[in-house]
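In what follows, a structure is listed as structure tokens, so that the remarks can point back to it.
Both counts, for ligands and for their atoms, begin at 1 and track the order of listing.
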Amino acid sequence: MSGMQRLRLSAIAGLLLVYPAFAQQQAPANPQPGRNLSVNQLKAQIHVTAGRRLRPKSWPNGARVAVALSFDVDNMSASLLRGDIAPGVLSRGEYGAVDGLPRILRLLDKHRIPASFFIPAVSDVLHPQMIRDILVSGRHEVAVHGWIHEALPSLENEAEEQRLLDQAIAHLTKIMGKRPVGHRAPSWEFSPYTMGQVARAGFLYDSSLMASDDAYELQLDGKPTGVVELPIEWILDDYPVLNLPGGVLASPELVNQTFQSEFDVAYDEGGLFVLTMHPHITGHRSRAAGLEKLILHMKSRSGVWFATHEQVARYVKEQARR
Ligand SMILES: [Zn+2]
């Protein structure tokens, strides 16, 4: 086995350990129920799909590409959800509030670029300074990321899911003095109820699904919801590749190669580049240095529109209306 093969195998093993949702995607468990269903039965299982492609003819001021950086401020919330309360575990998340987020904000300030911050309400309750620090420049956006990073599919309870969503929206609304317009499901996982609840809550956009490189309108059971999807991807996320232990690419340089290549093609195609990071992961020194290299690369090209998710969603929706 070559070094690279060994690296890949340990990569997969690591991902399955730390990310059960990834395990499901990689290795569907028996008994493979799909094989005995008719085509109509299979179709009936698909509820949330990509509707209209929302790719504008051009970006604001003739820009070639839109760049939407996002940070999921999970910190300790997912550990507290699971009852994984060993001080060592919690401190890894706490790093996001203590040093990770401040370092990221300094970096974004230095380059004067905006970002969107998806914050579980509990992360804010534990470290209320964070939202104040995020909002002080006036460039950034704060959006919904669950109450306590709840795993929506395993709740299996529509009313409970609604209660947590309402609580998360109410909390951020109170803190910010205005209602958040963006939603990202914890771990990007929808339950059968999530799409309906997100649409009924009146969110401008969601950023949890991955059916396209372009923004698109989400459909529920074949009907347009009016909600803009700003698609994410596992290859555009620091979590699977940098979340040690279990992650595999300790080198931010290697991670950057993928991110940079995704950006370069998005630039050539006139598309949208959405990147998902976490303050307790990318906020570490070597990773923040890697992010700065990526930012410098992007800024070295002309016609790059750095925007919040909200700004991108409003723009593509408005352009589609014309
Ligand atoms: Zn998260």
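Taking both residues in full, the closest heavy atoms of L172 and P180 are given as CB-CG, 4.0 Å, listed atom of the first, atom of the second, then distance.
Between the side chains of N243 and R92, at least one donor N or O sits under 3.5 Å from an acceptor N or O.
Rounded to the nearest 0.5 Å, atoms OG (S116) and CZ (F118) are 5.0 Å apart.
If you count the protein N, O or S atoms nearer to the Zn ion (ligand 1) than 2.8 Å, you get 4.
Within the cation-pi definition used here (under 6.0 Å to the ring centroid, within 45° of the axis), R53 does not qualify as a partner of Y216.
For the pair M195 and V227, the minimum side-chain heavy-atom distance is below 4.5 Å. When side chains are defined from C-beta on, Y205 counts as touching H309, because their heavy atoms get closer than 4.5 Å.
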